[in-house]
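Working notes, structure below.
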Number of protein chains: 2
Amino acid sequence: MTTTTLLPSWRPGTTRDALVSFLDQCRTVPVADRVAYFDNDGTLWCERPTYAQFDFYLDALRRRVADDTALGEREEFAALLSGDQGRVAALGLPRIALALAGLFEGQTPEEFAAEVRSFAATARHTTLGRPLRSMVYQPMLELMEALRDLDFTIGIVTGGGTEFVRAISEDFYGVPAELVVGTLVDYTFTRDPEGRPQLVRTAQLLGGVNEGEIKVSNIQTQLGRRPIFAAGNSAGDREMLEWAASGRHPGFALLIDHDDAEREFAYVGEAVSLDGQEPITAVAGRQGWTTVSMSREWDPVFSPAE
Amino acid sequence: MTTTTLLPSWRPGTTRDALVSFLDQCRTVPVADRVAYFDNDGTLWCERPTYAQFDFYLDALRRRVADDTALGEREEFAALLSGDQGRVAALGLPRIALALAGLFEGQTPEEFAAEVRSFAATARHTTLGRPLRSMVYQPMLELMEALRDLDFTIGIVTGGGTEFVRAISEDFYGVPAELVVGTLVDYTFTRDPEGRPQLVRTAQLLGGVNEGEIKVSNIQTQLGRRPIFAAGNSAGDREMLEWAASGRHPGFALLIDHDDAEREFAYVGEAVSLDGQEPITAVAGRQGWTTVSMSREWDPVFSPAE
């Protein structure tokens with residue numbers, strides 16, 4: 001592959017040079033150590049003004065309320081459906097999230113995945129109007145392709161729901177289910193009326209929200225290989241990026257700077273570390289990570305809408 | 001591939017016919033659903049008279065006691081080193097296992113993997129004298145190869161330690177770390193003196209022993225795809241085999257019958273279900289699984305010792 005076909009949506013400059021140089025260096029790394037993990041929301045696709053998973057939950061709620069209006073009277077759901085952010089905030093995100101997760105309680109994994117895929121096939125971004133799959137960042141798809149050409153194993157390590165992301169990861173990113181690590185719901189093992197094994201979703205989380213230090217522990221326990229490349233955009237990615245950058249081989253940590261109010265959203269100033277003390281961009285500068293400016297270095301931002 | 005080069009160590013007969021027929025049917029299954037999981041101990045390699053992981057633990061204990069004789073005075077270790085099975089049994093397996101797991105507390109994942117690999121490179125079977133890697137069943141390697149030729153995703157779902165199996169899975173079986181699901185130890189996230197993230201082993205399990213119903217739940221949470229093929233040899237594999245056999249596509253459940261006292265070990269009669277009520281071979285017969293007789297249908301049993 002020549003450099004003219006490599007990373008075409010990355011404008012020439014220091015970030016693209018750093019990536020090309022890293023890709024070149026990796027040819028000397030044993031293939032088993034060529035491992036790259038990507039955060040999802042805000043790193044591989046747009047996360048503003050709301051997470052796609054939240055849009056899916058809200059869509060599922062609306063469909064269920066259409067069949068059962070009484071459901072809409074539950075306090076958390078009434079607040080959500082009113083669109084009144086003050087009412088939602090007053091109840092608190094954990095309570096809202098738990099109520100929404102409860103919508104899928106009792107589903108088999110196959111039923112849940114089918115519902116996500118049905119949503120993903122037709123959903124449009126709430127403000128930009130583009131199909132969901134075209135909210136994926138074209139430069140990041142090209143980066144994944146370049147890593148794959150070097151026989152990298154590529155995974156997604158997300159704070160989002162594992163099963164939500166798995167339902168679209170092969171289709172959107174070419175990443176198989178076993179390489180998606182996120183926030184897990186617990187299952188109950190049961191048997192159907194014919195005595196066959198069955199798993200059904202509970203509304204309880206298994207192992208906490210996959211952010212921060214937990215991303216590193218979950219990479220070890222669920223994937224088992226340390227990355228030499230990681231990409232993220234928020235404080236919840238900090239430890240994973242540090243983990244990738246500080247291993248045995250030369251590592252690469254890529255931070256996405258959302259500074260593009262015109263084509264996407266500009267909100268980097270809000271991305272402080274989990275302890276609220278230091279902006280993640282400052283951590284990046286101090287640690288020598290590579291920060292990409294979406295507004296200056298990506299063209300286009302999004303994958304084609306076809 | 002012609003049938004003469006397919007599964008050469010499987011003697012002609014009903015089991016081989018059933019496997020060849022299944023492989024042929026799979027050509028119509030979508031590639032994303034071509035998923036096969038194998039138990040490890042007693043399914044991919046020999047588990048008698050002791051698990052290889054136990055042999056590794058004992059070897060590690062002996063090496064540590066050589067450096068620190070006082071360690072050998074600890075009650076659990078004294079019992080183990082005496083070789084007196086009565087003393088070991090009196091203390092109970094859980095207590096012994098916990099003491100042995102403690103030998104690795106504080107290690108990084110890399111340190112633990114290096115210790116396993118060092119053992120695996122030189123260890124010999126305690127009674128048969130063969131190198132550890134030649135205790136792998138040749139017919140099962142050929143079956144994995146035939147599944148891979150059909151673009152199957154192949155994983156190992158074991159009651160053994162996840163990290164122990166991961167340390168050898170790529171080399172012995174061609175299975176990458178992320179496709180190994182076993183019994184997990186918990187890690188502590190910490191930082192080294194330079195402030196870099198570090199994971200260190202604890203002596204606590206994370207999520208219970210990976211047997212029975214837990215195998216099915218862990219397949220869903222850690223791998224995310226239901227198998228259409230599963231192989232096992234014990235009651236701890238029952239639910240996984242049922243899960244593979246009863247999905248959307250035609251499934252295949254393979255049970256290894258250890259009936260070969262001459263070349264390996266004969267102990268099928270002991271393999272009762274976890275509730276102690278029904279031999280796993282009886283479950284297999286009732287559910288229409290395929291049971292392979294090691295003594296009559298495999299030739300050779302083991303992979304070459306070279």
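Only a predicted model underlies this, so the values are computations on that prediction, with no experimental measurement involved. Residue numbers begin at 1 in each chain, while the letters A, B, ... track the order of the sequences.
For residues 181-197 of chain A, a heavy-atom distance under 4.5 Å to chain B picks out Leu184(A), Val185(A), Tyr187(A), Phe189(A), Arg191(A), Gly195(A), Arg196(A), Pro197(A), given by residue number. Proximity to chain B among residues 33-41 of chain A is not found for any residue, judged by heavy-atom separations below 4.5 angstrom. Residues of residues 248-255 of chain A lying under 4.5 angstrom from chain B, judged on non-hydrogen atoms, do not exist. Close approach to chain A, defined as a heavy atom under 4.5 Å from one of its heavy atoms, is seen in Pro109(B), Glu110(B) of residues 101-116 of chain B, taken by number.
In this structure, chain B has heavy atoms under 4.5 Å from both the backbone and the side chain of Gln220(A). Only the side chain of Leu179(A) comes within less than 4.5 Å of a heavy atom in chain B; its backbone stays farther off. Interface remark: Gln222(B) contributes backbone and side-chain atoms alike to the contact with chain A (heavy atom separation under 4.5 Å). Only the side chain of Leu206(A) has a heavy atom closer than 4.5 Å to any heavy atom of chain B.
The two residues Ser217(A) and Leu199(B) have their closest heavy-atom pair at OG-CD2, 3.8 Å. Residues Gly224(A) and Arg166(B) approach most closely at CA-NH1, 3.3 Å, considering heavy atoms.
Of the residues considered (Thr153(B), Thr162(B), Val216(B), Asn218(B)), Val216(B) shows the highest number of contacts with chain A, using heavy-atom pairs under 4.5 Å.
Atoms CD and OG1, from Glu163(B) and Thr221(A) in turn, are 8.0 Å apart once rounded to the nearest 0.5 Å.
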